[in-house]
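The structure is given below, and queries will be raised subsequently.
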There are 2 protein chains.
Amino acid sequence: MSFERAGNAHSSSDQTTVRRANLGVVLQQIAGGEPRSRARVASDTGLTRGTVSSLVGELIELDLLRETGEDQRSGRAGRPGLALELSDRVVAVGLEVNVDYLAVCVEDLAGNVRYQKHVHTDNRRSAPGPVLNRLARLARGAEELIAAESLVSAGIAVALPGLVAAESGTLLRAPNLGWSDIAVADEISSRLGGVPVRVDNEANLAALAEHWQGVARGLDNFICVFAEVGVGAGIFIGGDLFRGSHGFGAELGHITVAPGGLPCQCGAVGCLETIVGQEAIARRAGICEDDKRRARNVTRELVRRAEQGDAAVIASLAEASRALGIGLASAVNLFDVDAVVLGGCLGPLAPWLVADVREALGVRVLSAGWSGCEVLVSEFGEGAAVRGAAALTLRSVLAEPWLVAERSVAVREGVS
Amino acid sequence: MSFERAGNAHSSSDQTTVRRANLGVVLQQIAGGEPRSRARVASDTGLTRGTVSSLVGELIELDLLRETGEDQRSGRAGRPGLALELSDRVVAVGLEVNVDYLAVCVEDLAGNVRYQKHVHTDNRRSAPGPVLNRLARLARGAEELIAAESLVSAGIAVALPGLVAAESGTLLRAPNLGWSDIAVADEISSRLGGVPVRVDNEANLAALAEHWQGVARGLDNFICVFAEVGVGAGIFIGGDLFRGSHGFGAELGHITVAPGGLPCQCGAVGCLETIVGQEAIARRAGICEDDKRRARNVTRELVRRAEQGDAAVIASLAEASRALGIGLASAVNLFDVDAVVLGGCLGPLAPWLVADVREALGVRVLSAGWSGCEVLVSEFGEGAAVRGAAALTLRSVLAEPWLVAERSVAVREGVS
DNA sequence: GGGTTTTGTATGGTCGTTGCACAAACTAAA
DNA sequence: TTTAGTTTGTGCAACGACCATACAAAACCC
């Protein structure tokens with residue numbers, strides 16, 4: 001099937017390639033900071049004012065940019081420029097299935113959340129069908145808003161807590177939901193009348209959210225640990241999500257930190273997840289199943305007890321922070337990232353974790369002397385993954401603006 | 001200093017961008033397989049025959065391609081095509097400084113080694129100056145050959161055993177040589193009359209060699225463990241070397257595999273390098289300094305004793321293979337690569353390592369059920385890093401062919 | 001109000017690819 | 001041997017996209 005042996009035999013270029021690349025450059029230039037005039041964009045990108053004019057014209061026609069009054073420059077000579085801003089008409093829909101809630105959000109290109117809804121339901125005991133029905137109902141709520149405000153949807157993406165095959169849109173295995181081999185993309189798509197749907201792992205999308213509108217804004221290389229019941233991670237390399245050969249990368253939860261430790265669900269022994277996950281921390285702290293069920297939210301219960309000085313919880317958190325430090329140090333030794341973001345349940349628990357993790361990175365990372373690796377704490381609560389799902393689409397609009405033309409044509413045809 | 005917030009604000013394109021990209025596409029197409037006619041290249045790349053003709057013309061003028069007689073096709077109708085092949089006139093020079101040897105090689109675009117020389121010297125006790133003098137002498141030998149056969153040198157690169165800042169061409173720290181902060185690129189360049197010189201880490205370059213002409217040919221994602229005295233790795237992602245934010249990535253030797261283990265030179269505890277390096281294996285096998293000095297080549301001595309059934313050596317190797325398995329499983333969980341290559345001293349020792357490593361990857365890698373990760377053994381002996389140094393230049397010629405014009409102009413001006 | 005500066009647009013020029021046409025070179029069959 | 005059919009490589013007009021330049025518009029400053 002493949003005639004090319006050499007790894008990166010990129011496909012051939014064309015003048016449309018140039019146009020497309022430059023559309024993306026101009027749009028991203030404007031997305032990345034304050035509103036700017038055409039002239040400013042030209043001098044920042046190296047393109048001519050004339051070319052920028054033409055590109056901007058096309059982007060305005062695509063509803064991606066808009067002219068907003070004049071440039072606010074005080075007292076400089078010369079004709080004032082017309083400020084260009086991202087349009088607020090193009091939006092993306094993010095969905096999320098998690099163990100104990102469903103979520104939806106609508107976000108525009110500028111990162112404003114236009115609609116958001118979380119529904120707490122225990123999906124652990126549900127079959128996939130009904131859960132996806134509920135999720136589709138949430139999505140229809142978003143679509144109604146989009147129609148009512150006459151916005152343009154650039155796409156829908158779903159965050160899932162498990163191993164995902166992104167190309168086929170399948171959830172391969174979600175141990176904490178008890179699901180396996182569910183074609184989530186197709187299921188949701190057919191429930192919404194055939195619109196295209198993408199899916200991805202929740203940890204990947206959480207990382208995307210941190211880069212898009214969270215604490216990792218501007219960082220091109222970082223690792224976002226995302227712990228809930230299990231422990232996953234999203235890894236950003238060179239400003240893009242790193243997925244590995246088959247999309248199964250970043251399984252931080254299953255690197256070995258205690259060779260002689262406890263057995264893990266995955267079949268191995270001493271995985272990080274056996275010490276750092278929400279369940280693991282609670283179990284080691286001696287919180288029994290009854291307490292957990294009564295508390296409804298395990299993380300909040302852990303925080304409450306830790307704040308009260310519960311020795312068992314604090315000891316369990318100390319153990320977790322040590323394991324996390326070892327695991328992250330290994331990851332940083334391999335990836336040489338600028339920062340580590342603690343997300344998911346690790347956000348609220350960060351006060352008891354950050355110091356140990358910082359110390360471990362200082363001691364165990366070989367290049368610590370040359371390049372410090374920051375430890376950041378996510379500011380999204382449970383919302384990281386949905387926001388990331390929306391961001392998945394929005395980022396691709398910024399990178400490949402010309403696709404929205406085809407997309408909206410497709411939708412228009414699909415609707416009519 | 002940086003006005004761009006969005007990560008990948010690529011620079012703007014131009015029709016010369018198109019030309020350059022297509023020059024690369026055509027050249028790589030021909031590099032990746034059998035000789036082909038222009039028409040074949042056209043249909044494989046999607047370009048027009050006319051365009052390919054023009055591109056090939058330019059590549060022939062640059063001495064990168066040549067027409068070799070006719071296409072060997074038996075019995076097909078139509079005018080036969082003229083087969084195009086990589087020229088054998090453009091070569092690159094690879095150099096290597098290691099703990100106990102210096103090396104040089106000259107390799108052409110097709111991967112043929114045109115010149116090669118290894119000199120065994122103990123550089124541990126030498127100051128950098130004299131060692132670099134000797135290395136420069138070796139390089140001049142290569143340059144004489146190039147002049148004698150009227151070849152064209154596309155560049156010189158040096159493999160170094162330590163932390164390298166590739167942009168500045170500096171060896172930051174090489175614990176096993178006892179060097180630090182040596183501007184190797186400048187030093188070598190000035191000794192050779194000012195030609196540009198690049199430097200990189202030996203493990204990175206070994207990985208490059210495996211991808212270029214070794215066992216990892218055709219694999220876009222793999223990890224190459226490269227152990228000599230220390231343990232390093234080169235990581236290929238998406239067909240390219242992964243370097244991390246600052247070029248300090250892939251420090252596999254310093255991920256933690258034994259939290260309560262021995263202290264490492266780096267200041268941490270339980271690093272992989274304390275169990276898997278050549279010295280570590282020998283020490284744990286009870287081979288004393290005298291024996292090592294007498295043997296001259298520690299690895300060969302280990303192999304000899306293991307073959308004779310020396311229990312201490314075999315036990316030490318078993319311990320090493322277990323640690324290596326844990327470390328690699330963690331790395332594969334993070335990177336989701338297609339293969340792991342054992343290189344450096346691990347090549348000869350592979351018979352005692354491979355089984356354990358395979359088993360560990362099977363058990364400890366979460367996605368092992370979906371995507372197997374092969375364990376391959378390097379077939380380069382000590383030559384991997386020098387070959388990789390040459391490959392560094394040759395790969396960049398294939399990817400950016402137009403640069404050879406500028407380069408050879410520069411050299412011509414520098415010489416005359 | 002005139003001079004200066006900056007912005008945004010319009011126009012010709014250049015570059016590189018496409019699509020088409022055509023001669024060259026070979027096979028296969030009459 | 002001749003003829004038809006097929007494939008290759010090149011030449012040429014056309015198109016698309018960017019660049020350089022010129023120019024009108026809209027500010028500021030004196």
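Every chain is numbered from 1 and lettered A, B, ... according to where its sequence line falls, protein lines coming before strand lines.
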| note | To the nearest angstrom, the CG-P distance between B:L47 and C:dG19 comes to 11 Å
| query | Between atom CG in A:L82 and atom P in D:dA27, what is the gap in whole Å? | reply | 10 Å
| said: How long is the straight-line distance from OG of A:S54 back to CG of A:L59, given to the nearest 0.5 Å? | reply: 9.5 Å
| message | Below the 4.0 Å mark, does D:dT10 have OP1 or OP2 next to a side-chain nitrogen or oxygen of B:R38? | response | yes
| Given C:dT17, is OP1 or OP2 found less than 4.0 Å from the side-chain N or O atoms of B:N22? | yes
| query | Which nucleotide in the list D:dA22, D:dT10, C:dT17 gets nearest to the side chain of A:R49? | reply | D:dA22
| Residues B:R20 and B:D14 bridged, charged N to O under 4.0 Å | no
| said: Under 3.5 Å, is there any donor-acceptor pair linking the side chain of A:Q15 to the base of D:dG16? | reply: yes
| task | Kindly say whether A:E107 contributes a backbone atom to a donor-acceptor pair with the side chain of A:R387 at under 3.5 angstrom? | result | no
| query | CG of A:L23 versus C1' of D:dA17: gap in Å, rounded? | reply | 11 Å
| field | Rounded distance in Å - CG (A:D14) to P (D:dG16) | value | 11 Å
| said: Give the dot-bracket line for DNA chain C from 5' end to 3' end: parentheses for intra-strand Watson-Crick or G-U pairs under 3.5 Å, square brackets for crossings, | for inter-strand pairing, dots for unpaired. | reply: ||||||||||||||||||||||||||||||
| query | Which residue, B:V26, B:I30, B:V90, forms the side-chain contact (heavy atoms from CB on, under 4.5 Å) with B:L64? | reply | B:V90
| query | Please give, in whole Å, the distance from D:dG16 P to A:R20 CZ? | reply | 14 Å
| note | Rounded to the nearest 0.5 angstrom, the CZ-CG distance for A:R36 and A:L82 is 15.5 Å
| request: Establish whether the base of C:dT7 is bridged to the side chain of A:R79 by a donor-acceptor pair shorter than 3.5 Å. | output: yes
| remark: Between B:S54 and B:S12, whichever has its closest DNA chain D nucleotide further toward 5' is B:S54
| task | May I ask you to verify if any side-chain N or O of A:R19 is less than 4.0 angstrom from the OP1 or OP2 atom of D:dC18? | result | yes
| query | Nearest of C:dT9, C:dA25, D:dT10 to any side-chain atom of B:P80? | reply | C:dA25
| query | Do you see a donor-acceptor pair shorter than 3.5 Å between the side chains of B:D338 and A:S245? | reply | yes
| query | Can a side chain N or O of A:T48 be found less than 4.0 Å away from OP1 or OP2 on D:dC19? | reply | yes
| task | Could you tell me the separation between the CD atom of A:E58 and the P atom of C:dG8, rounded to a whole number of Å? | result | 18 Å
| task | In whole angstrom, give the distance that lies between atom CD of A:E67 and atom C1' of C:dT7. | result | 12 Å
| Quick one: B:L55 CG to D:dG9 C1', roughly how many Å, whole number? | 14 Å
| Roughly how far, to the nearest 0.5 Å, is OG of B:S11 from CG of A:N22? | 9.0 Å
